[in-house]
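Have a look at the structure below before the remarks.
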Amino acid sequence: AEALPGKAEICIEVKQISGKAVQLRVPQTASLKDVKSLLGGQLGIDPLGQCLLFDTKALEGDAATLQELKVVDGSELQLLVQDTSLKDLEKANFGLELLGPSDIREIRSMVKPPETVLCVCNAVRVLLGQAEEKVWKDCCKNSLDDTHFLSRLMGLNLGDLNPGNVNQAEKLLEKVDEVWLDKGNLR
């Protein structure tokens, strides 16, 4: 059983719909966020996509402790995994609706854009089935200079996307988040 350091540890079992179960030893004062982090590390499931149920009720409030949620030694939680990609797609579609040809021209005119711009451009290239470009000039020439780039982007259909390309694009966008966080932009 995976454990977090602390006093008054309890053992809980977390079951997935598939029947797979994970035993965790955690302090009773551990937060729901702590438990989700442990599960994320052990199962590779993004904590943001985790929904934990106890006694058929969804546990809410990531700051709430197990003690506050009445989870005791020997309790069984159920883990539901929510698809966060649909929320991300909705946000991306909203952003695309705001993007116009003049925005593409402005981005293309950058001589040395921030690293995040190249990452986002490459994520889009990957979703369109193209290879990543390491150099901004090549990214512009092979994507942004294409007069149909914006319409191709807006015409993307979720069902047509290659899952491998989606995973690769997600990794590129995680890098964008890391760069922004490192620079203190989203704190």
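Numbers here are sequence positions counted from 1. Quantities reported herein were computed from a predicted structural model and do not represent experimental measurements.
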For the pair [X] (side chain) and [Y] (backbone), establish whether a donor and an acceptor sit closer than 3.5 Å, ignoring hydrogens and angles.
X    : Y    : value
N165 : V126 : yes
N122 : C119 : no
Q50  : K36  : yes
S143 : C140 : no
E68  : T65  : yes

Which residues share a salt bridge (charged side-chain N to carboxylate O under 4.0 Å, His left out) with E132, sequence neighbours left out = K134
Taking salt bridge (charged side-chain N to carboxylate O under 4.0 Å, His left out) as the test, write out the residues that go with D55, two or more places apart.
->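 For D55 there are no salt bridge (charged side-chain N to carboxylate O under 4.0 Å, His left out) partners, ignoring immediate neighbours.
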Are [X] and [Y] side-chain neighbours, meaning at least one heavy-atom pair lies under 4.5 Å?
X    : Y    : answer
E13  : L24  : no
T29  : L66  : no
L79  : I45  : yes
I104 : F149 : yes
L32  : L52  : yes
V124 : C121 : no
C11  : Q23  : yes
R105 : P101 : yes

Which atom names give the shortest non-hydrogen contact between [X] and [Y], and what distance separates them?
X    : Y    : result
V26  : A30  : CB-CB, 4.2 Å
E133 : L118 : O-CD1, 3.9 Å
A63  : S31  : O-CB, 3.9 Å

Atom [atom1] of [X] and atom [atom2] of [Y]: how far apart are they, to the nearest 0.5 Å?
X    : Y    : atom1 : atom2 : answer
Q28  : I12  : CD    : CD1   : 10.5 Å
R125 : D138 : CZ    : CG    : 9.0 Å
R152 : L127 : CZ    : CG    : 11.5 Å

Assess, by modelled atom type and distance only, whether the side chains of [X] and [Y] contain a donor and an acceptor separated by less than 3.5 Å.
X    : Y    : answer
E76  : Q78  : yes
D34  : S37  : no
Q130 : N142 : no

Where do L43 and K20 land on the side chain to side chain contact (heavy atoms under 4.5 Å, CB included) test, with the steps shown first?
-> CA-CA 10 Å; L43 301 173; K20 181 178 178 179; 3.7 Å; yes
Evaluate the criterion side chain to side chain contact (heavy atoms under 4.5 Å, CB included) for residue pair V14 and L39; output intermediate values, then yes/no.
-> CA-CA 9 Å; V14 181; L39 290 170; 3.9 Å; yes
Does the pair W136 and M110 meet the rule for a side chain to side chain contact (heavy atoms under 4.5 Å, CB included), with working shown?
-> CA-CA 9 Å; W136 176 245; M110 295 178 178; 4.3 Å; yes
